[in-house]
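Step one of this worksheet: look at the structure below.
Predicted, not measured: the structure shown is a model, and the values here were computed from it. When a ligand or atom number is given, it counts from 1 through the structure's own listing order.
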Amino acid sequence: MEFQGITSGFTEGNVEALAVAAYKGEKASEFKDLDLVASGQIAAAMKAGEFKGDAGEFLLIRLTPKGKLKASKLLLVGAGDRSDQRESAISVASGAATRYLRKCNVKSFAFDARSNSDAVTVAQNAVQGAITSQFELDKYKTKDKNDKAVNKVVVYVAGAKSADLNKGIERGRIIGDSMNFTRDLANEPPNILHPTEMAKRAQVMAKETGLKCEILDEAKMKRLGMGSLLSVSLGSEQPAKLIVLRYTPTKSTAKKGDLLAFVGKGITFDTGGISLKPGDGMDAMKYDMSGGATVLGTMRAIALLKPSIPVLGIVAAVENMPDGRATRPSDIVTAMNGKTIEILNTDAEGRLILADAVAYAEKQGANRIVDMATLTGAVIIALGEHNTGIMGNDQGLIDEIISCGKEAGEGFWQLPVGGEYSKQIRSDIADIKNIGPRGKAGTIMGAVFIQEFVDKAKWAHLDIAGTAWADGVKPHQAKGPTGVAIRSLIKLVERSQ
Ligand code: BES
Ligand code: ZN
Ligand code: ZN
């Protein structure tokens with residue numbers, strides 16, 4: 001996709017359409033200048049109550065190209081309440097415009113977000129929204145593929161500096177492409193994206209972006225004592241891989257000893273193992289590597305945005321299968337930190353692989369760890385699709401992520417952890433067990449389990465089981481993998497500089 005920034009002459013670009021965000025309750029008079037090229041149609045439609053500026057609303061107006069006006073369509077995109085505007089309103093509006101106009105066979109349009117945000121933010125979000133809106137699930141279709149595409153967007157911010165626009169465009173492209181990189185991984189079928197393939201894709205991405213990448217194989221993990229992680233892959237023909245990515249800034253502004261790590265659950269398919277899941281809906285478990293894919297996409301963006309602090313990215317890529325060699329409920333394993341675990345349900349496997357992965361992150365020097373995982377079905381029951389569950393041992397880190405999410409338009413909702421909850425995973429015959437009592441705080445049980453493997457680091461856990469996959473299409477987004485948390489985590493890194 002091609003992007004261009006302009007600071008004046010919105011209606012004069014060489015584009016097929018104009019798209020303009022309109023906020024709830026705005027009067028026709030606010031579009032007076034624009035309405036000159038629309039021959040009063042905006043005012044007429046607003047007067048007739050045909051368009052109110054609600055989020056998800058559209059008004060398409062035909063224009064007559066004349067003189068400097070080349071566009072033949074004007075699209076008003078409802079952007080909702082201006083007072084609760086977050087930057088994500090810009091990306092949602094630009095994404096909705098892109099998808100709408102794409103359907104009308106439009107290949108190029110100019111976009112005016114009419115936002116109060118600074119020019120870098122506007123351009124960044126406009127570009128990211130346009131890029132992520134065009135992601136489709138049709139990679140493996142040989143016919144009926146979506147063959148329409150918008151390939152040029154002109155971003156207009158009145159009176160901005162072009163340098164700011166260009167910076168925002170570049171940032172938006174990096175973030176949008178990185179989100180789509182994550183979404184493409186999450187959408188891959190598990191026969192194609194097994195742990196070895198996930199590691200390969202990480203290596204290729206690392207090479208392209210200048211990250212250091214190391215892949216730990218099962219022999220290496222065994223030497224490190226990762227008995228918890230390895231217990232999950234015993235039933236699989238596919239060997240587990242621990243993907244380790246390192247971003248090192250040329251000039252670091254980090255305090256000595258500070259290292260932020262992102263750790264992701266990369267279960268490329270979760271059958272449940274011997275505690276086999278019901279067949280109905282099991283196919284959805286290809287997305288059980290979304291936490292890992294989020295780490296890869298975030299690290300891709302970090303490598304290209306080049307913040308001034310080092311970041312470590314770790315993905316535990318494992319397949320959970322039933323087999324004669326698979327872990328049985330009641331097996332006891334020893335994790336890298338020496339703790340013994342009674343495995344009572346092999347379907348609670350995400351926490352088992354994250355146990356060793358977070359311990360490894362801390363061993364590598366991380367003093368802030370954020371793990372992300374499609375960890376529990378319970379978080380979907382609690383929070384649905386609209387909030388990621390967040391838990392952790394450090395309120396400062398949790399608050400910071402929630403606040404980054406507010407800016408990015410991504411919801412995080414905190415659940416408690418602590419003493420009484422931790423008691424619920426004490427085992428009669430080992431140090432801990434991998435499940436708590438049935439039906440009691442399932443999401444928290446996952447978190448307090450992982451907490452057992454964090455030593456001194458500040459740690460937050462994101463349960464993205466409900467937010468990593470959208471069950472329906474939205475005006476700005478295809479159904480399927482969402483790339484959730486990437487924008488918030490980039491903010492976390494950039495705020496830490
Ligand atoms: N990958 C699942 C969590 C999940 C379930 C995500 C449904 C999305 C939709 C995880 O490995 C799992 O199976 N968790 C169990 C834990 C239970 C056995 C304690 C669950 O949530 O049922
Ligand atoms: Zn499971
Ligand atoms: Zn799982």
Side-chain angles (χ1 to χ4, degrees), residues 186-187 190 193-195 198 228-229 231-236 238 240 263-294 315-322 326-331 341-357 371-389 391 415 421 424-425 427 432-450 461-471 480-482 484-485:
N187 188 43
L193 196 90
H194 41 64
M198 196 168 182
S228 183
L229 186 154
S231 76
V232 178
S233 97
L234 285 178
S236 174
Q238 297 292 342
V263 180
K265 169 180 174 181
I267 294 287
T268 58
F269 194 69
D270 182 12
T271 63
I274 296 298
S275 314
L276 194 63
K277 285 183 182 295
D280 238 17
M282 195 199 274
D283 55 293
M285 285 302 120
K286 71 170 186 178
Y287 96 126
D288 212 20
M289 33 57 72
S290 293
T294 304
V315 178
V318 188
E319 186 181 56
N320 187 21
M321 297 288 270
T327 292
R328 294 151 287 254
S330 78
D331 279 358
I341 304 162
E342 183 187 13
I343 299 176
L344 288 178
N345 189 321
T346 63
D347 196 12
E349 84 297 339
R351 62 200 73 182
L352 293 171
I353 66 170
L354 287 171
D356 283 327
D371 82 69
M372 54 215 78
T374 49
L375 206 71
T376 64
V379 82
I380 309 176
I381 294 168
L383 302 174
E385 271 193 13
H386 308 298
N387 274 284
T388 292
M391 290 139 277
L415 299 172
Y421 290 114
Q424 292 184 189
I425 53 163
S427 159
I432 50 173
K433 52 188 180 186
N434 78 327
I435 54 169
R438 179 177 284 277
K440 289 194 175 159
T443 300
I444 297 171
M445 292 303 105
V448 295
F449 183 90
I450 299 166
H461 160 65
L462 313 179
D463 195 331
I464 59 171
T467 49
W469 193 273
D471 284 332
T482 60
V484 73

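- Where the criterion is an N or O separation shorter than 3.5 Å, residue side chain and backbone included, N345 fails it with respect to ligand 1.
- Here the heavy atom of the protein found nearest to atom 17 (C) of ligand 1 is A348 CB, 4.4 Å.
- Taking only nitrogen or oxygen atoms, main chain and side chain alike, D288 reaches within less than 3.5 Å of ligand 1.
- Between the side chains of T346 and T327, not a single donor N or O lies within less than 3.5 Å of an accepting N or O.
- Atom 15 (C) of ligand 1 has as its closest protein heavy atom D347 O, 4.1 Å.
- Protein nitrogen, oxygen and sulfur atoms, that is N, O or S, within less than 2.8 Å of the Zn ion (ligand 3) amount to 4.
- Ligand 1 has no atom lying under 4.0 Å from any heavy atom of W469.
- Taking distance alone, with nitrogen or oxygen atoms compared against 3.5 Å, T376 stays at or beyond that limit from ligand 1.
- At a 3.5 angstrom cut-off on N or O pairs, A465 does not count as close to ligand 1.
- A donor-acceptor contact under 3.5 angstrom links the side chains of T467 and T388, judged on distance only.
- A heavy-atom distance below 4.5 Å is found between the side chains of I450 and L375.
- Residue M445 places every heavy atom at 4.0 Å or more from ligand 1.
- In terms of polar-atom proximity, K265 is counted as a contact of ligand 1, with an N or O under 3.5 Å from an N or O of the ligand.
- Considering only residues two or more places apart in sequence or on other chains, D371 meets the side chain to side chain donor-acceptor pair (under 3.5 Å) condition with W459, H461.
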